[in-house]
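Single-structure report; data block below.
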Amino acid sequence: MFNIAIAQSGGPTAAINATLAGVFARAEKTEEVDEIYGALNGIEGIINDHLINLRHIIMNEEDKDLLMKTPSTILGSCRYKLPSLEEDDLQYKTIVENLQKHHVKVFFYIGGNDSMDTVMKLDAYLKREQIDICVVGVPKTIDNDLMETDHTPGFGSAAKYVAISLQEIIRDSRVYSIPSVTIVEIMGRDAGWLAASSCVLRANGEPAPHLIYLPESTFTLEQYIQDVKNAMTRYKAVIIAVSEGVTFPDGGSEEQAKDAFGHTQNAGIGKKLEEYTAKHFQCKVRSIELNVMQRCSSHAASLTDLEESERIGGAAAEFGIEYHQSGVMAAFKRISNNPYRVEIIPCPVQDVANKEKKFPVEWISPEGNNVTVDALNYFLPLIKGEPVLKYKNGIPMHFRIDQ
């Protein structure tokens, strides 16, 4: 008999708890697994020995179902970067001591690129010291920018929220007879997957957003103004989707402080474009920043996303518990678009950590202001289906724990 530990890290999503539910459910069915621990606030919870017994919290099928449909991270999160082994291995010793103290043989880390850096470093230390503990990465991020996986849990729900929000913005913008330009800023620091996903509205005959700008294509103000002029000749209310990572030629969107991994949070491209557009066009111009609502909008979640997130959690549990694989991340491999089919495979975490999957340039229009039908075909399966939520007093219920 042995125990396992699970932690969640990085930015929240609508589906990361579904992945936790998947790991838990698979481990619960394994006779060799005794206790199932949750580490509070990511790897910091292991370092600080702040573990809770999930068997005492997730008590029945109703709890699992509610957990699966609850957004954000019930275990809390962190953005903590482990030092390199060459720099300092004291924290690694502390992590191992605390895992061994709780008889943990497999540790699952659910997160994005930075979390996979933690998995890679910890796995390297465990192998160097010949310590019999497996560490397995489980993906999540609304940015959809992890290498080696077709898509990431959490992305489909974020894309669905973006599409629904844009559709409602379109309805709002068309009520008046005067011309207008509405600029919607969408998350995506360095990769434009989420902004590009707004194209799914075209599957229902919606021509908007009329322009889509991504970090992967060259952006110039001269071309932007011409694009808007062209769009205004055809549409009374022009809708523009722009990734937050798009920058002005002079240095671009305002940058905030860097996190522990050196990432800056770009913000302000929507407002800058609003001001610039208003100077060139005699019409109503507004910008809308969807901001954090994109991440945890479980009321607009994709059922496909939630089910796949649970499924990949279960597969990751199998990789670690049944096959004793360490230093791997569970990944989706797409078999086909129509019918939509994927399989889940383990991939070496060093092929994921500190790397970034950009939106394919071949899926961007030659003009750099839109995306192709290949992008539409890729995105559509990921947003399908609607979970049945449980409500109380007219508000969706969420699974919560006292920390």
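We count residues from 1, following the sequence as given.
Classified by interplanar angle (parallel below 30°, tilted 30° to 60°, perpendicular above 60°), the ring pair Y276/Y224 is tilted. Under the 30°/60° scheme for interplanar angles, the aromatic rings of F379 and F155 are found to be tilted.
At least one donor-acceptor pair under 3.5 Å links the side chain of S336 to the backbone N or O of P339. Of the possible polar contacts, one joining the S198 side chain to the A195 backbone as a donor-acceptor pair under 3.5 Å is found. Proximity of a side-chain donor or acceptor of E274 to a complementary backbone N or O of S287 within less than 3.5 Å is detected. In this structure a side-chain-to-backbone donor-acceptor pair under 3.5 Å is present from K69 to V388. Of the possible donor and acceptor atoms, one in the side chain of T94 sits under 3.5 Å from a partner among the backbone N and O of L90. Judged purely by atom type and a 3.5 angstrom limit, S298 has no side-chain atom pairing as donor or acceptor with the backbone of A301. Remark: the backbone N or O of S77 is not paired with any side-chain donor or acceptor of S9 at under 3.5 angstrom. Here the side chain of H103 pairs no donor or acceptor atom with the backbone of F2 at under 3.5 angstrom. Side-chain atoms of K160 come within 3.5 Å of backbone atoms of G385 as a donor-acceptor pair (strictly under, hydrogens ignored). Checked by atom type and distance alone, the side chain of T19 never pairs as donor or acceptor with a backbone atom of E310 at under 3.5 Å.
The local environment of NZ in K333 is sparse, with at most 12 non-hydrogen atoms from other residues, nucleotides or ligands closer than 6.0 Å. By the neighbour-count criterion of 12 heavy atoms within 6.0 Å, atom CD of E62 is sparsely surrounded, having that number or fewer from other residues, nucleotides or ligands. Open room surrounds OH on Y176; 12 or fewer heavy atoms of other groups in view lie less than 6.0 Å from it. For R400, the CZ atom counts as loosely surrounded, since its 6.0 Å shell holds 12 or fewer non-hydrogen atoms of other residues, nucleotides or ligands.
Atoms OG1 and CD1, from T149 and I345 in turn, are 8.0 Å apart once rounded to the nearest 0.5 Å. To the nearest 0.5 angstrom, Q8 atom CD is 10.0 Å from L40 atom CG. Rounded to the nearest 0.5 angstrom, Y161 OH and L194 CG are separated by 11.0 Å. Taken to the nearest 0.5 Å, the CG atom of L290 stands 6.5 Å off from the CG atom of L166.
For the pair H299 and L389, the tightest heavy-atom approach, listed with the atom from each and the gap, is CA-CD1, 3.8 Å. When all heavy atoms of I401 and L75 are compared, the pair lying nearest together is CD1-CD2, 4.2 Å. Closest approach of C283 and P179 over heavy atoms only: CB-O, 3.5 Å. Considering all non-hydrogen atoms of both residues, Y378 and N337 come closest at CA-OD1, 4.4 Å. M187 and Q294 get closest at one heavy-atom pair: N-OE1, 2.9 Å.
A heavy-atom distance below 4.5 Å is not found between the side chains of F359 and P215. In this structure the side chain of D117 reaches within 4.5 angstrom of the side chain of M120, judged on heavy atoms. In this structure, the side chains of V136 and Y109 stay at 4.5 Å or more apart for every pair of heavy atoms. Using a 4.5 Å heavy-atom threshold, the side chains of R334 and E343 count as separate. Using a 4.5 Å heavy-atom cutoff, the side chains of K140 and S309 are not in contact. For the pair S165 and V162, the minimum side-chain heavy-atom distance is 4.5 Å or more. The side-chain heavy atoms of I43 and C78, taken from C-beta on, include a pair separated by under 4.5 Å. No side-chain heavy atom of L380 sits less than 4.5 Å from a side-chain heavy atom of Y340.
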Going through the distances and angles, do N291 and E289 end up as a side-chain hydrogen bond (donor to acceptor under 3.5 Å, both in side chains)?
CA-CA 5 Å; N291 210 296; E289 184 183 348; 2.9 Å; yes

With side-chain contact (heavy atoms from CB on, under 4.5 Å) as the criterion, how do R202 and V371 come out once you've worked through the C-alpha distance, each side chain's angles and the decisive distance to 0.1 Å?
CA-CA 11 Å; R202 292 167 196 165; V371 298; 4.2 Å; yes

Starting from the C-alpha separation in whole Å, work towards a yes-or-no answer on side-chain hydrogen bond (donor to acceptor under 3.5 Å, both in side chains) for E308 and H151.
CA-CA 10 Å; E308 285 190 340; H151 57 280; 2.7 Å; yes

One pair to check against side-chain contact (heavy atoms from CB on, under 4.5 Å): M147 and E356. What are the steps and the verdict?
CA-CA 6 Å; M147 297 292 290; E356 188 173 48; 5.9 Å; no

For salt bridge (charged side-chain N to carboxylate O under 4.0 Å, His left out), just list the numbers for K272 and E185, CA-CA rounded to whole Å, side-chain angles, deciding distance to a tenth of an Å, and then say yes or no.
CA-CA 11 Å; K272 283 179 176 286; E185 181 180 325; over 6 Å; no

Apply side-chain hydrogen bond (donor to acceptor under 3.5 Å, both in side chains) to Y213 and N370, showing your working.
CA-CA 7 Å; Y213 295 103; N370 227 307; over 6 Å; no

Set out, in order, the CA-CA distance, both residues' side-chain angles and the distance that settles salt bridge (charged side-chain N to carboxylate O under 4.0 Å, His left out) for D132 and K105, then state yes or no.
CA-CA 7 Å; D132 185 23; K105 286 290 187 179; 3.4 Å; yes

With salt bridge (charged side-chain N to carboxylate O under 4.0 Å, His left out) as the criterion, how do E168 and R171 come out once you've worked through the C-alpha distance, each side chain's angles and the decisive distance to 0.1 Å?
CA-CA 5 Å; E168 292 168 347; R171 298 284 80 77; over 6 Å; no

Evaluate side-chain contact (heavy atoms from CB on, under 4.5 Å) for V328 paired with C347, printing each intermediate quantity in order.
CA-CA 5 Å; V328 299; C347 67; over 6 Å; no

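Using a cutoff of 4.0 Å between basic side-chain nitrogens and carboxylate oxygens, R128 and D89 are scored as salt-bridged. For the pair E44 and R79, the salt-bridge criterion is not met [side-chain N within less than 4.0 Å of a carboxylate O]. Ion pairing of D143 with R189 is absent here, as no side-chain N (NZ or NE/NH1/NH2) approaches a carboxylate O to less than 4.0 Å. Classification of K127 and D123 as a salt-bridged pair holds, one side-chain N sitting under 4.0 Å from a carboxylate O.
With respect to V228, the side chain to side chain contact (heavy atoms under 4.5 Å, CB included) criterion is satisfied by exactly one of I240, I183, V285: I240. For the side chain to side chain contact (heavy atoms under 4.5 Å, CB included) criterion with K384, the lone passing option out of L303, V200, T304 is T304. H102 pairs with exactly one of N3, D49, N53 by the side-chain hydrogen bond (donor to acceptor under 3.5 Å, both in side chains) rule, that one being D49. Each of V119, L122, I6 was compared with F107 under the side chain to side chain contact (heavy atoms under 4.5 Å, CB included) criterion, and only L122 meets it.
A donor-acceptor pair shorter than 3.5 Å can be found between the side chains of S157 and D305.
Annotation: cation-pi geometry not satisfied between K358 and W193 (NZ/CZ under 6.0 angstrom from ring centroid, within 45° of ring axis).
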